[in-house]
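Atoms within each ligand, like the ligands themselves, are counted from 1 in listed order.
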Amino acid sequence: MTIHHPSFGTIADDRVIMFDTTLRDGEQSPGFSMNLDEKLRMAEALAELGVDVIEAGFPIASAGDFESVRKIAETVKGPVIAGLARSGRDDILRAAEAVKPAERKRIHTFISTSPLHMKYKLRMEPDAVLEAVTRSVELARDYTDDVEWSAEDGSRTDPDFLARCVEAAIRAGATTINIPDTVGYAVPEDIFRIFSELRARVPGAERVIFSTHCHNDLGLAVANTLAALRAGARQIECTINGIGERAGNAALEEVVMAIRTRPDAAPYKNNIETTRILRSSKLLATITGFDVQPNKAIVGRNAFAHESGIHQDGVLKNAATYEIMTPESVGWQKTSLVMGKHSGRAAFRDKLRALGYGEIGDNQLNDSFRRFKDLADRKKLVYDEDIVALFDDAVVRDHQRVRFVGLEVWAGSKAKPRAVLELEVDGMVQTAEALGDGPVDATFNAIQAIFPHQAELRLFTVGAVTEGTDAQARCGVRLEEGGKLVDGQGADTDTIVAAARAYIHALNKLLVKRERTEPVSLSA
Ligand code: KIV
Ligand code: ZN
């Protein structure tokens, strides 16, 4: 059977809508906040990846959230742009205003339906919740034909009450019905039963798309998502790298590759260009400063690495012995020596194109080309991963108030480490000298001397982009100011320079956050 949807037209029965909430559910988890430029860059990458819906944010949460949803709605072409709203009038009007410029827009409104949430969180009687469902969906429909309604904590909701709420939402005009496993409590059997029952018993169910939104608290988000598809759900809510509240959401890359690798068990279609998966994953890691763990399915560094002799021997004879999908199908390339200090601008542009960046503006190209030359001078072998790290870093750093100019450090076991740092602050170059307990501490003290601030350093991490002693270092810095956490990230062949870049990146994010109003909590 086919469904007619206001944004997608007639949808074949085996077509699954990919709804990405990296910029909303993902972004609202601690340490994963992004500024406007970063969200825009990520939204462009999601559009290129082929997601059908981008949930761009929660517009009433803060002025910054509103602004980024609005900007994404204005500029990102292709996917439907969705804004989240609780059931109240102000939330819905704010979401409607934010998504207004989009070619295709969605308001996603939600309210809790479980006994626990209604009693303790909402302090509302079930009948009042039912009325709010109707009111909120009707109001949202005044602004767009594409309205999604979610039953927060749906998997722990009484089945009869859930059916009444879903019926009310459909009657009021919802075109997508989402049943989240908000706390990641369900097992696949629960999810299969919930979706099967709703589709069988709710009047009008055949006219809407059912959607699944699974959290990963028991590590079951992907399994539960596939169970929902088996029971007839045709929209998947997920995030890149599985980021999201607490243990995260279902990982887009895992769900998509499960469908692609096992068409016998999961006979569904979607529009994801799988060869762009790795790029999106790496971009998110660069922006947020959080790498995925090495053994992460699909996008982890070891996902296609074969260490044991028996496995290596098998893969050399026939890759299918130990590989259920090809690394190339998700965007991995055989690491190759790509370019050196003699490579020119055109070759560099070509390389970026081959790495999946598409057409690049001259400003971005100039900046990253300069840093590439610098890198090629200092590092014998320049790998694809180095170029990706360097380019993403340059893009993320565009339009920042504080910029790194230069650093000199004296360290060792004899004298107290000393750093002389040059920064450009609002266009003016300033220099400071500082001592510290180590070279990193001296550098951070020099930043403090040039740009005094109250933020506390909460986390400092160091990793390597590629292998060898001349590898680029990737550093992460987490700062906290007045309860707000920001993460910065920096890459360079010099670990201390990478640390300085990461600190400055975090500082810039903090400056953006300071301009935002206080966020409100995400509860209906
Ligand atoms: O997990 C959840 O219930 C949510 C809703 C707001 C859709 O994220
Ligand atoms: Zn969620």
Side-chain angles (χ1 to χ4, degrees), residues 17-30 32 53-61 65 69 80 82-88 91-92 94-95 98-99 106-118 120-122 129 132-133 136-137 140 146-157 162 165-166 169 174-186 190-191 194-195 198 208-222 224-225 228 233 235-252 255 519-524:
I17 310 287
M18 297 302 301
F19 175 115
D20 182 279
T21 183
T22 304
L23 296 174
R24 199 279 297 168
D25 216 329
E27 204 254 358
Q28 80 194 32
S29 51
F32 283 87
V53 185
I54 295 177
E55 185 163 57
F58 182 31
I60 197 137
D65 263 50
V69 177
V80 171
L84 185 68
R86 292 168 297 187
S87 58
D91 273 53
I92 292 171
R94 197 80 174 134
V99 297
R106 172 176 299 189
I107 296 174
H108 175 191
T109 179
F110 73 100
I111 190 165
S112 291
T113 52
S114 68
L116 205 62
H117 277 220
M118 290 192 292
Y120 294 104
K121 194 182 87 163
L122 298 179
V129 168
V133 173
S136 57
V137 173
D146 186 341
V147 172
E148 172 170 339
W149 177 77
S150 283
E152 191 184 8
D153 208 15
S155 58
R156 293 194 299 173
T157 296
L162 184 60
C165 290
V166 170
T175 45
T176 300
I177 299 292
N178 184 39
I179 312 295
D181 181 25
T182 302
V183 291
Y185 177 75
D190 298 329
I191 296 287
I194 291 169
F195 281 90
L198 287 175
V208 298
I209 298 277
F210 276 84
S211 166
T212 176
H213 176 115
C214 299
H215 281 269
N216 206 28
D217 300 66
L218 294 174
L220 291 172
V222 171
N224 284 340
T225 300
Q235 175 175 283
I236 296 173
E237 301 199 357
C238 50
T239 58
I240 302 292
N241 296 346
I243 70 169
E245 287 279 11
R246 304 179 311 279
N249 289 61
L252 178 144
V255 181
V520 297
S521 73
L522 177 65
S523 55

Residue pair [X] / [Y], side-chain heavy-atom distance below 4.5 Å:
X      : Y      : result
Glu148 : Glu237 : yes
Phe110 : Arg86  : yes
Val166 : Ile179 : yes

Under 3.5 Å, N or O to N or O, is His213 touching ligand 1 that way?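 Yes; the residue has a nitrogen or oxygen that sits under 3.5 Å from a nitrogen or oxygen of the ligand.
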Hey, is ligand 1 close enough to Thr182 that some N/O pair sits below 3.5 Å? yes
Mark up the atoms of ligand 1 that fall under 4.0 Å of a heavy atom belonging to [X], in ascending order.
X      : result
His215 : 1 (O)
Asp25  : 8 (O)
Glu152 : 3 (O)

For Thr22, does its backbone N or O pair with a side-chain atom of Asp20 as donor and acceptor, under 3.5 Å?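 Answer holds: yes.
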Of the backbone and side-chain N, O or S atoms of Asp25, does one lie nearer to the Zn ion (ligand 2) than 2.8 Å? yes
Nearest 0.5 Å, what's the CG-CG distance between Leu198 and Leu162?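 The distance works out to 5.0 Å.
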Would you give the length of the straight line joining atom OG1 of Thr239 to atom CZ of Phe19, rounded to the nearest 0.5 angstrom?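 Reported value, rounded in 0.5 Å steps: 11.5 Å.
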I want to confirm something. Looking only at heavy atoms, which of Arg246, His108, Arg24 is nearest to atom 6 (C) of ligand 1? Arg24
Would you please determine whether Glu245 falls within less than 4.0 Å of ligand 1 on a heavy-atom basis? no
Option among Thr225, Asn249, Ile236 that satisfies the side-chain contact (heavy atoms from CB on, under 4.5 Å) test with Cys214: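 Option passing the side-chain contact (heavy atoms from CB on, under 4.5 Å) with Cys214: Thr225.
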In His213, the N/O/S atom nearest the Zn ion (ligand 2) carries the name NE2
